[in-house]
Asks: 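This is the structure I want to talk about, given as structure tokens.
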Amino acid sequence: MPLLQVLRPTLPILIGASIMLTLSMGLRQSLGIFMQPLTHDIHISISDFTLALAVQNLAWGFLQPLAGAMTTRYGFRPIMIVGSLMYIAGLILMATANGLVSIMIGAGVLIGTSLACTAAAIAMSVAARAVPATVRSTVLGIVSGAGSLGALLSAPLGQMLNEGFGWRAGLAGFVVMSVLMIPAAWYAGRVDNIPLPKPAADDISDATAITAARTAFGNASFVVMTCAYLVCGMQLVFLTTHLPSYLAICGLDPMLSAQTLGMIGGFNVLGSLFFGWAGQRWNKLALLGGIYVLRSLALAWYFMLPATPSSTLLFGAIMGFLWMGVGPLVAGAVAEMFGLRWQAMIQGLAFMSHQIGSFLGAYGGGVLYDALGSYTMAWRIGVALGLAGGIVQVAFALIRPSHPPVLRTA
């Protein structure tokens with residue numbers, strides 16, 4: 001049966017989840033555009049700004065399991081709508097900020113909490129529930145790809161407003177875009193009306209949240225995936241936060257940073273589609289490890305050479321292809337191992353590791369730059385840890401393929 005025919009009944013849900021994801025991720029990935037003018041204007045340091053983004057990542061990571069568990073009790077729609085409202089409030093607070101406290105609360109706490117309710121883990125769980133298992137990985141790749149368009153749109157728009165009218169106008173533009181998250185979340189929330197499939201004999205659907213979490217951490221494949229996930233967050237958030245500053249140091253056109261983030265967003269689409277397709281056919285966890293290794297090699301190549309517009313855009317294309325492809329792979333692996341009922345929560349538990357890495361990438365990069373005056377040590381650490389995590393992930397996935405957990409609750 002053609003894929004479109006299979007998906008037609010759930011298209012409003014999938015489109016809503018994609019739009020919500022593209023806005024929440026795209027706007028968040030583009031905040032680094034405003035770092036230089038914002039910090040100069042309100043007299044805070046680069047490390048102060050990156051600390052706010054680090055708090056955002058920690059709030060996102062540690063609240064993600066809670067948000068996932070709450071969708072099981074209250075449904076997806078109320079969680080996503082509340083998260084959308086918090087995103088809008090966080091951007092308004094940033095746009096009107098005059099000091100560190102407003103940036104910390106707006107960019108850090110509010111947007112971080114919102115992302116736990118609107119970003120990849122929730123959107124992927126919505127998509128996974130809405131479609132049959134036979135096309136799940138492919139559909140997760142499509143939703144992840146559609147969700148990658150946000151940076152392609154928001155980064156150039158934000159930079160144009162920033163250059164023409166100032167950083168506050170750029171953030172005001174982001175506020176207007178974020179309002180669209182509310183209707184998107186409403187339509188995605190229709191998934192609450194779709195019943196869960198009948199649990200298999202080895203499913204944990206009837207388990208409590210604590211039992212489901214204990215079962216997940218008793219699964220070796222899940223634990224290795226979760227640990228390797230740390231390097232993913234560290235590398236990606238280091239780039240989205242510090243690449244605009246690095247290009248400014250190199251004396252390149254400020255618009256290049258927005259173009260590169262847009263290039264990342266565009267190639268995100270291709271990468272998400274490819275890895276969603278590939279995850280339907282090959283070992284998802286081995287593919288994850290391969291992504292981490294290839295990203296690390298791309299980072300080493302780019303930062304070892306003098307930055308030019310051509311090399312920067314090519315680097316953005318490579319990293320974009322390898323960026324959100326992890327989304328369908330992680331979501332698909334969790335659904336295969338543990339079922340759908342607790343997917344959002346268990347995926348959130350893995351995501352906590354990702355966000356600890358994001359904290360290190362955002363704040364650690366800022367601290368190393370302030371201390372050493374360059375990003376050399378920061379990218380070397382990112383490359384080394386990325387290669388180590390990727391190699392371990394691939395080796396474990398091939399030597400010991402993932403399997404359902406031993407502990408069961410019928």
Asks: Is there side-chain contact between Thr72 and Met345, with heavy atoms separated by less than 4.5 Å?
Replies: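 No, side chains not in contact.
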Asks: Has Tyr87 got a side-chain atom pairing as donor or acceptor with Ser24's backbone, closer than 3.5 angstrom?
Replies: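 Yes, because the side chain of Tyr87 sits within donor-acceptor range (under 3.5 Å) of the backbone of Ser24.
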Asks: Would you check if the side chain of Arg190 reaches a backbone N or O of Ile13 as a donor-acceptor pair within less than 3.5 Å?
Replies: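 Between the backbone of Ile13 and the side chain of Arg190 there is no qualifying donor-acceptor contact (under 3.5 Å).
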Asks: Roughly how far apart are Leu14 CG and Ser18 OG, rounded to 0.5 Å?
Replies: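 Nearest 0.5 Å value for the CG-OG distance: 6.5 Å.
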Asks: With no hydrogens and no angle check, is any side-chain donor or acceptor of Thr71 less than 3.5 Å from a backbone partner on Phe76?
Replies: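 The answer is no, because no donor-acceptor pair under 3.5 Å joins these two groups.
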Asks: Given side chains that start at C-beta, do those of Gln347 and Ser125 come closer than 4.5 Å, heavy atoms only?
Replies: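 Of all side-chain heavy-atom pairs linking Ser125 with Gln347, at least one is under 4.5 Å.
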Asks: Which atoms form the tightest heavy-atom contact between Gly382 and Gln235, and what is the distance?
Replies: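 Taking every non-hydrogen atom into account, O-NE2, 3.2 Å.
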Asks: How long is the gap from CD1 on Ile122 to CG on Leu115, to the nearest 0.5 Å?
Replies: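 Between Ile122 CD1 and Leu115 CG, I get 11.0 Å after rounding to 0.5 Å.
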Asks: Under 3.5 Å, side chain of Lys284 to main-chain N/O of Leu329, donor-acceptor pair present?
Replies: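 Looks like no, no N/O pair under 3.5 Å.
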Asks: Closer than 3.5 angstrom, by distance alone: can the side chain of Thr260 be matched with the main-chain N or O of Gly316 as a donor-acceptor pair?
Replies: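 It does not hold such a pair.
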Asks: Side chains of Leu385 and Met234: does their closest heavy-atom pair fall under 4.5 Å?
Replies: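 Answer yes - side chains close enough.
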Asks: Got a second to check how far Leu85's CG is from Leu110's CG, nearest 0.5 Å?
Replies: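 Taking CG in Leu85 and CG in Leu110, the distance rounds to 11.0 Å.
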Asks: Any side-chain heavy-atom pair from Ile111 and Met94 closer than 4.5 angstrom?
Replies: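 Ile111 reaches Met94 side chain to side chain.
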Asks: Walk me through whether Ile42 and Trp167 qualify under side chain to side chain contact (heavy atoms under 4.5 Å, CB included).
Replies: CA-CA 11 Å; Ile42 65 174; Trp167 63 270; 3.9 Å; yes
Asks: Begin with the C-alpha distance, continue with both residues' side-chain angles, and end with the deciding distance and a verdict on side chain to side chain contact (heavy atoms under 4.5 Å, CB included) for Ile19 and Met181.
Replies: CA-CA 7 Å; Ile19 293 174; Met181 292 173 62; over 6 Å; no
Asks: Considering only heavy atoms from C-beta outward, does the side chain of Leu256 approach that of Leu313 to under 4.5 Å?
Replies: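 Result yes, sub-4.5 Å side-chain heavy-atom pair found.
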Asks: Is it true that atom CZ of Phe222 has more than 12 heavy atoms of other residues, nucleotides or ligands lying nearer than 6.0 Å?
Replies: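 Enclosed.
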Asks: Do Arg295 and Val326 come within less than 4.5 Å of each other through their side chains, counting heavy atoms only?
Replies: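 Yes, at least one pair of side-chain atoms sits under 4.5 Å.
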Asks: Going through the distances and angles, do Thr312 and Tyr302 end up as a side-chain hydrogen bond (donor to acceptor under 3.5 Å, both in side chains)?
Replies: CA-CA 8 Å; Thr312 301; Tyr302 177 71; 2.8 Å; yes
Asks: What verdict does the side chain to side chain contact (heavy atoms under 4.5 Å, CB included) test give for Ser221 and Leu285, after you've listed the backbone C-alpha separation in whole Å, the side-chain angles of each residue and the deciding distance to 0.1 Å?
Replies: CA-CA 8 Å; Ser221 295; Leu285 299 183; 4.0 Å; yes
Asks: Can you tell me how far CE of Met160 sits from CZ of Phe165, rounded to the nearest 0.5 angstrom?
Replies: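 Here the interatomic distance stands at 8.5 Å.
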Asks: Between Trp277 and Phe274, what is the ring plane arrangement, given parallel below 30°, perpendicular above 60°, and tilted in between?
Replies: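 Ring orientation of Trp277 relative to Phe274: tilted.
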Asks: Judged by atom type as modelled, is there a donor-acceptor pair below 3.5 Å linking the side chain of Ser102 to the main-chain atoms of Ala97?
Replies: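 Judged by distance alone, no pair lies under 3.5 Å.
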Asks: Where do Val383 and Ser296 come nearest, in terms of heavy atoms and distance?
Replies: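 Scanning both residues, the minimum pair turns out to be CG2-O, 3.6 Å.
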Asks: Could you report the tightest heavy-atom contact between Ala59 and Val109, atom names first, then the distance?
Replies: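 Closest pair (atom of Ala59, atom of Val109, distance): CB-O, 4.5 Å.
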Asks: So does Ile210 have more than 12 non-hydrogen atoms from other groups sitting under 6.0 Å from CD1?
Replies: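 No - once you tally the heavy atoms of other residues, nucleotides and ligands closer than 6.0 Å, there are 12 at most.
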Asks: Quick one: does Gln393's side chain have a donor or acceptor within less than 3.5 Å of a partner on Ala228's backbone?
Replies: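 Such a contact is absent between Gln393 side chain and Ala228 backbone.
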Asks: Leu38 versus Ile103: any side-chain heavy-atom pair under 4.5 Å?
Replies: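 Leu38 vs Ile103: side chains touch.
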Asks: Do Trp60 and Gln56 get their side chains close enough for a donor-acceptor pair, meaning under 3.5 Å?
Replies: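 Gln56 and Trp60 do not have a side-chain donor-acceptor pair below 3.5 Å.
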Asks: Could you please spell out the steps behind the side chain to side chain contact (heavy atoms under 4.5 Å, CB included) verdict for Thr118 and Leu23?
Replies: CA-CA 9 Å; Thr118 59; Leu23 290 170; over 6 Å; no
Asks: How long is the straight-line distance from CZ of Phe321 back to CD1 of Ile291, given to the nearest 0.5 Å?
Replies: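 If I round to the nearest 0.5 Å, the distance is 8.5 Å.
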Asks: Counting C-beta onward and ignoring hydrogens, is there a side-chain heavy-atom pair between Met352 and Tyr229 closer than 4.5 Å?
Replies: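 No, every pair of side-chain atoms sits at 4.5 Å or beyond.
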